[in-house]
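Position 1 is the first residue of the sequence; numbering continues from there.
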Amino acid sequence: MAFEALSDKFSKIIKRLKGEHKLNESNMDSILKEIRMALLEADVNYKVVKDFINNIKTKALGEKVYDELNPSEMVVKIVQEELVKLLGTGKSEIVYQKNRPTVIMLVGLQGSGKTTSAAKLAYLMKNKLNKKVLLAACDTYRLAAIDQLKELANSIGVDLFELGNQKSPVEIAIEANEKAINGLYDVLIIDTAGRLSIDDLLMEELNQINLSFTIDERLIVVDALSGQEALNVTNAFNDKIPLTGVIMTKLDSDTRGGAALSIASTTGLGIKFSGVGEKISDLDIFYPDRMADRILGMGDILTFVDKVKENIDEKEAKKNVNKFVSGEFSLDDMLAQMKQIQKLGSMKSLLKFIPGMPKISDEQQDQLDKEMKNFEVIINSMTYEERLHPEILKNSRKVRIAKGSGKTNADINRVLKKYEQMKMMMKQMKGKKGGMFPPNFKGF
């Protein structure tokens with residue numbers, strides 16, 4: 001996550017804050033100094049940081065935090081509220097039209113990920129929001145952009161309107177809008193041309209498209225890795241074309257995240273969507289309050305629940321739970337359950353959504369991935385009877401499976417041990433209304 005380093009620092013500051021039984025001006029100033037340094041090191045705009053700290057201080061005085069019996073909770077609440085405001089509260093929602101297509105035009109510099117973001121946005125609106133989407137290829141300068149968008153549109157099952165470079169981008173956009181209206185599409189996404197730098201020709205072209213028919217959203221695509229330059233580019237575009245919001249790409253990277261924290265207050269534009277990976281499904285609706293909670297180490301249960309709903313087959317999950325509780329599940333069922341969990345993402349990324357969960361290192365994640373592959377290879381090397389009745393796996397069978405899978409007897413015993421742990425866990429759960437997992441269960 002882009003804010004991982006910042007989140008670590010905020011977690012330490014909050015831990016220290018909770019250790020203070022009484023707050024006064026002196027220790028409050030010390031804490032605010034730490035917050036200031038953490039934000040500046042995350043590449044947040046200096047003026048934004050200054051206003052942020054002043055707002056916290058003013059609010060703390062106004063709410064008489066120093067007189068509270070538990071002042072730390074009040075300060076954390078104030079910091080969380082100010083972070084939400086910083087990230088653009090109330091600016092992330094797309095208002096969809098009811099009687100015509102909602103038209104979204106994407107703009108940005110070349111290399112910002114605009115064409116890929118157009119396809120990701122189409123995928124999100126089709127699969128998560130149940131919208132009928134039409135993509136329009138209006139980048140006639142880079143023919144590879146049309147081919148790229150065509151390939152992406154085919155891969156996600158979304159219609160594409162393109163006329164090559166035989167007509168101007170303005171004409172293509174107008175005809176695409178007519179098709180969207182006549183075809184009863186819910187959303188039209190227009191991918192426009194990018195340039196290596198901002199120029200008058202690019203801006204005039206975008207202005208002409210903007211004035212040709214009603215554009216509901218004019219979203220600029222910026223790369224989180226570009227840091228403060230993202231603010232300059234956004235302001236430059238916004239001066240020429242009235243933008244309505246931002247798509248921030250590469251928010252899953254190791255970037256310090258300052259651009260995301262600065263852009264709303266500096267430009268007046270909210271982040272509407274965030275790119276969080278390379279896959280076509282890796283674009284999320286941006287929720288300022290959820291991101292603020294993650295930055296403060298409070299987790300993000302709502303996003304975690306969303307991921308579960310999107311990726312886990314509810315009927316299959318219920319079926320597996322019934323098998324587990326009845327004690328009738330096989331090694332095939334265990335593998336299927338582990339694969340379902342894998343669909344949600346890496347364990348490292350998932351733990352960030354759940355407050356209070358320990359972090360795991362890249363090495364530990366690599367080990368988990370390796371173990372999962374080993375489990376799959378080993379289970380697939382077993383006969384159907386062996387997968388259904390693991391108790392028949394004596395030494396001779398294990399030797400055969402080890403040879404067939406290229407693993408060792410110890411690897412096979414590890415799979416069986418994990419299976420027995422899950423079996424024991426389900427026996428403990430049977431008839432209980434308590435939590436999902438017993439305290440001694442060490443995960444998958």
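- Proximity of a side-chain donor or acceptor of Q166 to a complementary backbone N or O of L163 within less than 3.5 Å is not detected.
- Side chains of L87 and L261 form a contact here, defined as non-hydrogen atoms less than 4.5 Å apart.
- Formation of a donor-acceptor pair under 3.5 Å by the T102 side chain with backbone atoms of Q97 is found in this model.
- With rounding to the nearest 0.5 Å, the separation of OG in S381 from NZ in K407 is 9.5 Å.
- With hydrogens and angles ignored, the 3.5 Å screen pairs no side-chain donor or acceptor of T267 with any backbone N or O of T234.
- Proximity of a side-chain donor or acceptor of N154 to a complementary backbone N or O of K150 within less than 3.5 Å is detected.
- With respect to the salt-bridge test (charged N to carboxylate O, under 4.0 angstrom), the residues R290 and D293 do not qualify.
- In this structure, the side chain of R387 does not engage the main chain of D332 through any donor-acceptor pair within 3.5 Å.
- Taking CD1 of I247 as the start and CG of L283 as the end, the distance is 6.0 Å to the nearest 0.5 Å.
- With hydrogens and angles left out, the side-chain atoms of E278 and T116 include no donor and acceptor closer than 3.5 Å.
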Go through it in stages, so that I can follow the logic: the residues are D216 and V95, the test is side chain to side chain contact (heavy atoms under 4.5 Å, CB included), and I'd like the CA-CA distance, side-chain angles, deciding distance and then a yes or no.
CA-CA 8 Å; D216 300 291; V95 178; over 6 Å; no
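- Atoms CD1 and CD1, from I53 and I31 in turn, are 11.0 Å apart once rounded to the nearest 0.5 Å.
- You'll find the side chain of I263 reaches within 4.5 Å of the side chain of I271, heavy atoms only.
- Between the side chain of T192 and the backbone N or O of L106 there is at least one donor-acceptor pair closer than 3.5 Å.
- No donor-acceptor distance shorter than 3.5 angstrom exists from the side chain of D282 to the backbone of V276, with no hydrogens or angles considered.
- The shortest non-hydrogen separation linking E386 to T383 is OE1-N, 2.9 Å.
- Across all their heavy atoms, L135 and A153 have their closest contact at CD1-CB, 4.0 Å.
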May I have the step-by-step check of side chain to side chain donor-acceptor pair (under 3.5 Å) for E229 and N232, ending in yes or no?
CA-CA 5 Å; E229 183 59 24; N232 299 330; 3.3 Å; yes
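- Atoms CG and CD, from L39 and E41 in turn, are 9.5 Å apart once rounded to the nearest 0.5 Å.
- At least one side-chain heavy atom of N395 sits less than 4.5 Å from a side-chain heavy atom of N409.
- When atom types are taken as modelled, the side chain of K126 and the backbone of V158 share no donor-acceptor pair closer than 3.5 angstrom.
- Taking 4.5 Å as the limit, every side-chain heavy atom of E34 sits out of range of all side-chain heavy atoms of K12.
- A donor-acceptor distance shorter than 3.5 angstrom exists from the side chain of T244 to the backbone of R218, with no hydrogens or angles considered.
- Looking at heavy atoms from C-beta onward, M372 lies in side-chain contact with L335 at the 4.5 angstrom threshold.
- At a cut-off of 3.5 Å, with distance as the only test, a side-chain donor of D191 or T115 sits close to an acceptor on the other residue.
- Summarising the local packing, OH of Y96 is surrounded by more than 12 heavy atoms from other residues, nucleotides or ligands at distances under 6.0 Å.
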Worked verdict on L243 versus F237 for side chain to side chain contact (heavy atoms under 4.5 Å, CB included):
CA-CA 8 Å; L243 299 174; F237 269 88; 3.9 Å; yes
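- Counting heavy atoms from C-beta on, the side chains of L121 and V187 never come closer than 4.5 Å.
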Given F273 and I94, is the side chain to side chain contact (heavy atoms under 4.5 Å, CB included) satisfied, shown in steps?
CA-CA 10 Å; F273 302 95; I94 296 277; 3.8 Å; yes
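- What you find for K120 and I280 is that their closest heavy atoms are CG-O, 3.4 Å.
- Salt bridge status for E175 with K179: absent, with no side-chain N to carboxylate O gap under 4.0 Å.
- The closest side-chain heavy-atom distance from N235 to T266 is below 4.5 Å.
- Defined by atom type and a distance below 3.5 Å, a donor-acceptor pair is missing between the side-chain atoms of D186 and N130.
- For the pair K418 and F375, the NZ or CZ position fails the cation-pi test of under 6.0 Å to the six-membered ring centre and within 45 degrees of the ring normal.
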Could you check V79 against I13 for side chain to side chain contact (heavy atoms under 4.5 Å, CB included), going step by step and ending with a plain yes or no?
CA-CA 11 Å; V79 171; I13 293 168; over 6 Å; no
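- Rounded to the nearest 0.5 angstrom, S117 OG and M248 CE are separated by 11.5 Å.
- Salt bridge status for E82 with K85: present, with a side-chain N to carboxylate O gap under 4.0 Å.
- Between the CG atom in D147 and the CZ atom in R142 there is a gap of 9.5 Å [rounded to 0.5 Å].
- Counting only N and O atoms by type, the side chains of N374 and E371 include no donor and acceptor under 3.5 Å apart.
- A donor-acceptor pair under 3.5 Å is formed between the side chain of D333 and the backbone N or O of S330.
- Residue V48 comes nearest to S265 through the heavy atom pair CG2-OG, 3.4 Å, listed as atom of the first residue, atom of the second, then distance.
- I378 and S405 get closest at one heavy-atom pair: CG1-OG, 4.0 Å.
- The environment of CD in E151 is sparse: at most 12 heavy-atom neighbours from other residues, nucleotides or ligands sit within 6.0 Å.
- Of all the heavy atoms in I172 and T140, the pair that sits closest is CD1-CG2, 3.5 Å.
- Within the 4.5 Å cutoff, the side chain of P169 has no heavy atoms near those of the D139 side chain.
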